[in-house]
Amino acid sequence: MIKKQILTLAILFSVGAFAKPVTVEMVDLGSNQVVGTVTITKSEYGAVFTPDLKGLPAGVHGFHLHENASCDSVVKNAKTILGGAAGGHYDPKGTDQHGTPWSDDNHLGDLPALYVDASGTATQPVLAPRVELSKPRTKSSDVTNRALMIHAGGDNHSDHPARLGGGGARIVCGVIK
Ligand SMILES: [Cu+2]
Ligand SMILES: [Zn+2]
């Protein structure tokens with residue numbers, strides 16, 4: 001009986017039915033202080049991003065997977081861009097379009113916006129249906145070696161009237177290991 005259960009578990013692991021949750025330490029790019037974590041877990045319906053963050057500006061914030069595993073600043077045209085080394089929204093299909101988390105013709109890194117309450121706390125999870133923590137067969141992951149980014153403004157999931165949902169400056173970032 002026990003042997004059979006162990007065998008079942010071994011099979012489930014080998015097909016990637018269980019993907020280990022990934023916890024990302026999030027850093028305020030202005031102060032360099034850790035403001036909490038976002039834990040990414042696999043569900044039957046996609047990846048769930050659960051924030052446990054404090055000290056953020058209240059409201060709705062653009063929230064994306066960016067392509068590079070770095071939160072460093074870059075200098076462009078003599079201006080410092082906080083979090084610039086994270087690169088653009090993760091876009092493995094090269095769509096060059098910003099859109100909704102549930103459509104295929106835009107960045108894979110487009111997540112639902114993050115809600116921060118009046119006290120500056122974010123605990124409300126969001127679901128990204130296309131993002132896979134471990135893919136069948138290859139077991140490669142969409143999240144490993146990327147950056148998780150929170151923007152100053154919201155996200156209308158469109159490139160109009162402003163590009164990339166209009167979220168503007170990068171305020172909080174975490175490298176996903
Ligand atoms: Cu972003
Ligand atoms: Zn995007």
Side-chain angles (χ1 to χ4, degrees), residues 21-40 47-101 103 105-126 128 130-131 133 140-177:
V22 179
T23 298
V24 188
E25 192 175 76
M26 301 297 289
V27 174
D28 182 310
L29 294 173
S31 67
N32 269 323
Q33 298 292 308
V34 175
V35 289
T37 59
V38 174
T39 301
I40 313 169
V48 178
F49 292 72
T50 304
D52 181 7
L53 301 166
K54 283 191 175 74
L56 301 189
V60 175
H61 296 273
F63 187 43
H64 319 117
L65 286 171
H66 284 235
E67 58 188 342
N68 306 323
S70 173
C71 293
D72 292 347
S73 298
V74 296
V75 178
K76 201 174 169 185
N77 302 327
K79 277 173 86 179
T80 300
I81 300 166
L82 295 179
H89 297 184
Y90 180 46
D91 189 23
K93 286 186 178 169
T95 65
D96 201 23
Q97 286 194 78
H98 183 69
T100 59
S103 49
D105 55 353
N106 55 279
H107 308 136
L108 182 62
D110 297 344
L111 308 177
L114 196 74
Y115 172 69
V116 177
D117 71 16
S119 69
T121 300
T123 56
Q124 187 69 48
V126 296
R130 293 180 296 159
V131 173
L133 251 70
S140 65
S141 165
D142 289 326
V143 301
T144 308
N145 291 321
R146 313 271 162 233
L148 194 54
M149 192 70 69
I150 302 172
H151 291 261
D155 191 343
N156 72 347
H157 298 290
S158 159
D159 282 310
H160 309 279
R163 270 185 44 77
L164 304 173
R170 302 169 178 202
I171 59 168
V172 171
C173 178
V175 172
I176 309 173
K177 290 167 188 154

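Computed from heavy atoms alone, side chains included, the values below leave out hydrogens, waters and symmetry copies.
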Contacts satisfying side chain to side chain donor-acceptor pair (under 3.5 Å) that involve residues 80-95 (not counting sequence neighbours) are H64-H89, H89-H98, H89-H107, H89-D110, Y90-R146, D91-T95
Kindly say whether G30 contributes a backbone atom to a donor-acceptor pair with the side chain of D28 at under 3.5 angstrom? yes
Take atom CD of E25 as the centre, draw a 6.0 Å sphere, and report whether it contains more than 12 heavy atoms from other residues, nucleotides or ligands. no
Locate the shortest heavy-atom distance separating T39 from P21; write the atom from each residue and the value. CG2-CB, 4.1 Å
Can you tell me how far CD1 of I150 sits from CD1 of I171, rounded to the nearest 0.5 angstrom? 6.5 Å
Starting from the C-alpha separation in whole Å, work towards a yes-or-no answer on side chain to side chain contact (heavy atoms under 4.5 Å, CB included) for V27 and V34. CA-CA 4 Å; V27 174; V34 175; 4.3 Å; yes
Out of curiosity, R163 CZ to Q97 CD, how far, rounded to the nearest 0.5 Å? 10.0 Å
Nearest-0.5 Å distance, SG of residue C173 to CG of residue L82: 10.0 Å
Correct closest heavy-atom pair for P125 and V48 would be CB-CG1, 4.0 Å
Shortest non-hydrogen pair, A113 vs H157, comes out as N-NE2, 4.2 Å
Check whether any side-chain heavy atom of N156 lies under 4.5 Å from a side-chain heavy atom of P161, and answer yes or no. yes
Taking all non-hydrogen atoms of both residues, which atom of D96 and which atom of D159 are closest, and how far apart? O-OD2, 4.4 Å
Side chain to side chain contact (heavy atoms under 4.5 Å, CB included) between L164 and H151, intermediate numbers included: CA-CA 11 Å; L164 304 173; H151 291 261; over 6 Å; no
Between E67 and G88 (side chain of the first, backbone of the second, donor and acceptor by atom type, cut-off under 3.5 Å), is there such a pair? yes
Any chance you could measure I81, atom CD1, to D72, atom CG, to the nearest 0.5 Å? 13.0 Å
Return the CD1 to NE2 distance between I176 and H66, rounded to the nearest 0.5 Å. 10.5 Å
Please tell me if the side chains of V131 and L111 come closer than 4.5 Å, counting only heavy atoms from C-beta onward. yes
For the student: nearest non-hydrogen atoms of L65 and L148, plus distance: CD2-CD1, 4.1 Å
Between the side chain of N145 and the main-chain N/O of A69, is any donor-acceptor distance below 3.5 Å? no
Is S103 reaching over with its side chain to a backbone N or O of D105, donor-acceptor style, under 3.5 angstrom? no
Starting at CZ of R130, measure out to CG of N106 and round the result to the nearest 0.5 Å. 4.5 Å
At their closest point, which heavy atom of N68 faces which heavy atom of A85, and how far apart are they? ND2-O, 3.1 Å
L114 pairs by side-chain contact (heavy atoms from CB on, under 4.5 Å) with which of L53, V60, V172, D155? L53
